[in-house]
Amino acid sequence: MDADVIVVGAGLAGLVATYELVRAGRSVLVVEQENENNLGGQAFWSLGGLFFVNSPAQRRLGIRDSYELALQDWFSSAGFDREREDHWPRQWAQRYVEFAAGEKWAYLHHLGVRIVPTVGWAERGSGTAAGHGNSVPRFHMAWGTGPGVLEVFRDRVLEAARAGLVSFRYRHQVDELLVTDGAVHGVCGTVLEPSTAPRGVRSSRTPVGTFELHAQAVLVTSGGIGGNQELVRKNWPSWLGTPPRNMLTGVPAHVDGRMLEIAETAGANIVNRDRMWHYTEGVANWNPIWPNHAIRILPGPSSLWLDATGQRLPAPYFPGFDNMATFKYIRDTGYDHTWFVLDQTIVEKEFALSGSEQNPDITSKSRTAALGRIRKGAPGPIAAFLRHGEDFVVRSTLRELVDGMNAVTAEPLLSYERVAREVLAHDRELGNSYGKDLQIAAIQMARRFYSDRLVRVVKPHRLLDPRHGPLIAVRLRPLTRKTLGGLETNLDSQVIRPDGSTFDGLYAAGEVAGFGGGGVHGHNALEGTFLGGCIFSGRTAGRALARALA
């Protein structure tokens with residue numbers, strides 16, 4: 001044996017599991033197809049959103065949350081409806097919400113994770129108590145964003161490596177699981193040529209050798225399929241119609257889904273492969289790292305959302321309310337892009353960009369820089385997109401804005417008259433403190449929450465008021481992100497075979513396992529649950545393996 005456990009994939013779930021294994025005195029061999037610059041995987045690029053229930057941060061802000069309310073929100077959003085494929089995901093969902101409402105805060109705090117004091121409301125929901133979305137704000141941003149979460153596990157794993165309990169095999173691409181008498185006992189594959197590529201940059205796949213490694217068990221934590229558009233399109237959900245013709249990519253190219261097919265070939269069962277989570281608010285990164293690199297805008301609720309022809313999206317398809325339902329509506333229009341119309345006041349306060357590199361103040365843990373968010377002026381990364389982003393149009397008048405919007409697309413689909421009708425209708429609703437526009441009502445409600453009023457939601461105002469100019473339009477395109485289905489696992493993270501039996505020696509955690517069970521989120525995820533899903537499933541797998549090994 002080369003180690004007690006082989007972990008395939010050096011992302012967050014793999015590092016959490018490795019941390020738990022070495023705490024129990026087990027030896028771990030981490031096999032990773034990328035170079036050491038990519039240690040931590042996709043979590044490094046994350047905004048660092050974490051889902052907590054009834055947390056100290058919520059209570060300080062007067063948010064009344066509970067396990068029962070969170071579980072109601074989770075199951076209402078998930079819409080579990082498959083008897084076999086949702087058998088384990090239902091149980092994983094309950095266990096995860098228990099974790100989020102229980103020991104998750106103490107577990108991460110003990111390791112050194114700290115939380116930004118303002119709690120966000122990343123998705124405000126579909127508009128009914130029993131519908132999709134969080135009933136209360138639960139989006140807790142880690143101080144340090146994704147790297148701040150990642151480092152507490154990475155540093156401990158690297159310390160264990162110096163002590164001889166962990167070893168790494170970078171540039172080792174697994175091609176096959178080794179199975180004897182129905183049990184997995186190792187991996188074999190291709191050694192790739194050395195690479196010095198920076199984190200996230202596509203690396204070479206030139207082979208220079210082969211390898212074979214053995215252990216008592218193999219844990220697969222290789223991530224999802226979001227960087228492989230061919231696989232995304234192959235597994236596209238039928239309820240979303242046809243895949244977009246033009247889709248940006250929200251994760252690096254190494255998020256390729258290879259291990260799903262490799263595990264399935266060996267005898268593992270994949271469930272809910274048509275469930276996935278992609279965003280509608282993608283813009284092309286003006287300074288790309290990986291191919292077709294997209295950044296997601298995390299919008300506040302005030303931008304006017306128009307389809308490709310200038311028609312306003314109907315309620316409840318407002319910015320930041322119900323991502324996947326809005327995605328379906330947009331797909332039904334027959335166009336791949338939409339538009340936000342807003343102004344300088346809105347962009348300064350309400351626009352945030354997803355990703356650690358787009359939030360350098362919080363990522364670097366600079367309190368002085370972070371406090372600058374409450375001052376006038378757009379944050380540096382937002383200002384850079386306003387200057388350089390191909391999807392951003394900034395003009396002084398509405399007619400000039402529409403002309404600029406038409407210049408961005410392949411064909412001019414917008415008429416000034418239609419866009420002006422929508423903007424003027426919006427502005428006329430602001431003559432009173434009441435009205436029939438549900439988006440404006442939602443904005444007024446949001447401003448009753450201290451965090452939103454302080455850093456997230458502007459006071460309602462007319463878009464054509466020159467005091468708030470200039471006007472801004474942003475072309476939005478779909479971008480790939482998360483895989484919600486995957487390898488079926490029981491509550492100990494053991495992979496399940498198609499006949500329902502456990503696959504001896506094979507475990508899975510993180511996105512490759514649908515964050516637990518093969519699809520803990522069901523059809524529709526609550527925002528802020530992806531990083532936490534990697535932590536919880538990696539922790540579960542590591543502890544289960546530590547108990548099970550001889």
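For the ring-ring contact (aromatic ring centres under 6.0 Å, His included) condition, the pairs that include at least one residue of residues 391-423, sequence neighbours left out, are F385-F392. Pairs passing the salt bridge (Lys or Arg N to Asp or Glu O under 4.0 Å) check and including a residue from residues 451-460, sequence neighbours excluded, read R124-D452. The salt bridge (Lys or Arg N to Asp or Glu O under 4.0 Å) pairs that include a residue from residues 297-325 are R312-D437, where partners are two or more places apart or lie in different chains. For residues 462-484, the set of pairs meeting the ring-ring contact (aromatic ring centres under 6.0 Å, His included) definition, not counting sequence neighbours, comprises H461-H468. The list of salt bridge (Lys or Arg N to Asp or Glu O under 4.0 Å) pairs with a residue in residues 338-353, not counting sequence neighbours, reads E348-K376.
N285 places no side-chain N or O within donor-acceptor distance of the main-chain N or O of I295, the cut-off being under 3.5 Å. A donor-acceptor contact shorter than 3.5 Å links the side chain of N359 to the backbone of L353. Looking at T190, its side chain never comes within 3.5 Å of a backbone N or O of L192 through a donor-acceptor pair. A donor-acceptor contact shorter than 3.5 Å is absent between the side chain of D336 and the backbone of P478. With E429 contributing its side chain and K436 its backbone, the two residues share a donor-acceptor pair below 3.5 Å. Put simply, the side chain of Q58 gets close to the backbone of P137: a donor and an acceptor are under 3.5 Å apart. When atom types are taken as modelled, the side chain of N272 and the backbone of G485 share no donor-acceptor pair closer than 3.5 angstrom. Checked by atom type and distance alone, the side chain of T326 never pairs as donor or acceptor with a backbone atom of Y317 at under 3.5 Å. Under a 3.5 Å cut-off, the side chain of D73 and the backbone N or O of H132 do not form any donor-acceptor pair.
The minimum heavy-atom distance linking P460 with I443 is given by the pair CG-CG2, 3.7 Å. The minimum heavy-atom distance between I472 and L401, with the atom names listed, is C-CD1, 3.9 Å. Across W74 and A93, no two heavy atoms sit closer than the pair NE1-CB, 3.4 Å. Taking every heavy atom of both residues into account, G9 and T221 meet most closely at O-OG1, 2.9 Å. Shortest non-hydrogen contact noted between V458 and S302 is CG2-OG, 3.7 Å. Between S537 and G510 the shortest heavy-atom distance is OG-N, 2.8 Å.
Around CD of E193, the count of heavy atoms belonging to other residues, nucleotides or ligands within 6.0 Å exceeds 12. In the displayed structure, E417 atom CD is contacted under 6.0 Å by more than 12 heavy atoms of other residues, nucleotides or ligands. Within a 6.0 Å sphere centred on OH of Y335, other residues, nucleotides and ligands contribute 12 heavy atoms or fewer.
Evaluation of the side-chain hydrogen bond (donor to acceptor under 3.5 Å, both in side chains) rule for K365 yields E151 as partners, not counting sequence neighbours. Listed by chain and number, the residues in a side chain to side chain contact (heavy atoms under 4.5 Å, CB included) with R273 are N235, E264, I270 (sequence neighbours excluded). Considering only residues two or more places apart in sequence or on other chains, H254 meets the ring-ring contact (aromatic ring centres under 6.0 Å, His included) condition with none of them. With sequence neighbours excluded, the residues satisfying ring-ring contact (aromatic ring centres under 6.0 Å, His included) with W290 are W45, H293. Residues that satisfy the ring-ring contact (aromatic ring centres under 6.0 Å, His included) test with F321, not counting sequence neighbours, are F318. Every residue was checked against the side-chain hydrogen bond (donor to acceptor under 3.5 Å, both in side chains) condition with E422, not counting sequence neighbours, and none meets it. Residues passing the ring-ring contact (aromatic ring centres under 6.0 Å, His included) test with H140, sequence neighbours excluded: F52.
For the residue pair S364 / S366, no side-chain donor-acceptor distance below 3.5 Å is found, with atom types taken as modelled. Defined by atom type and a distance below 3.5 Å, a donor-acceptor pair is missing between the side-chain atoms of H426 and Q439. Inspection of the H337 and N246 side chains reveals no N or O donor paired with an N or O acceptor under 3.5 Å. Counted by atom type alone, Q229 and T480 present zero donor-acceptor pairs between their side chains at under 3.5 Å. Looking at R171 and S195, their side chains never bring a donor and an acceptor atom within 3.5 Å of each other.
In this structure the side chain of T280 never reaches within 4.5 angstrom of the side chain of L476, judged on heavy atoms. Annotation: side chain of V419 is not in contact with side chain of W339 (no heavy-atom distance under 4.5 Å). The shortest distance between side-chain heavy atoms of S451 and L61 falls below 4.5 Å. Side chains of L471 and L464 form a contact here, defined as non-hydrogen atoms less than 4.5 Å apart. Annotation: side chain of H278 is in contact with side chain of V232 (closest heavy-atom distance under 4.5 Å).
Atom NZ of K482 and atom CD of E511 lie 4.5 Å apart (nearest 0.5 Å). One distance of note links CE of M276 with CG of L484; it measures 8.5 Å at 0.5 Å rounding. Atom OG1 of T145 sits about 8.0 Å away from atom CE of M141, to the nearest 0.5 Å.
Taking the six-membered ring for Trp, W277 and F515 have ring centres at least 6.0 Å apart. Between F340 and W305, the gap from one ring centroid to the other is short of 6.0 Å.
If you run salt bridge (charged side-chain N to carboxylate O under 4.0 Å, His left out) between D274 and each of R82, R233, K234, only R82 comes through.
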Output, in order, the C-alpha distance, side-chain angles, deciding distance and verdict of side-chain contact (heavy atoms from CB on, under 4.5 Å) for V457 and F449.
-> CA-CA 10 Å; V457 182; F449 175 50; over 6 Å; no
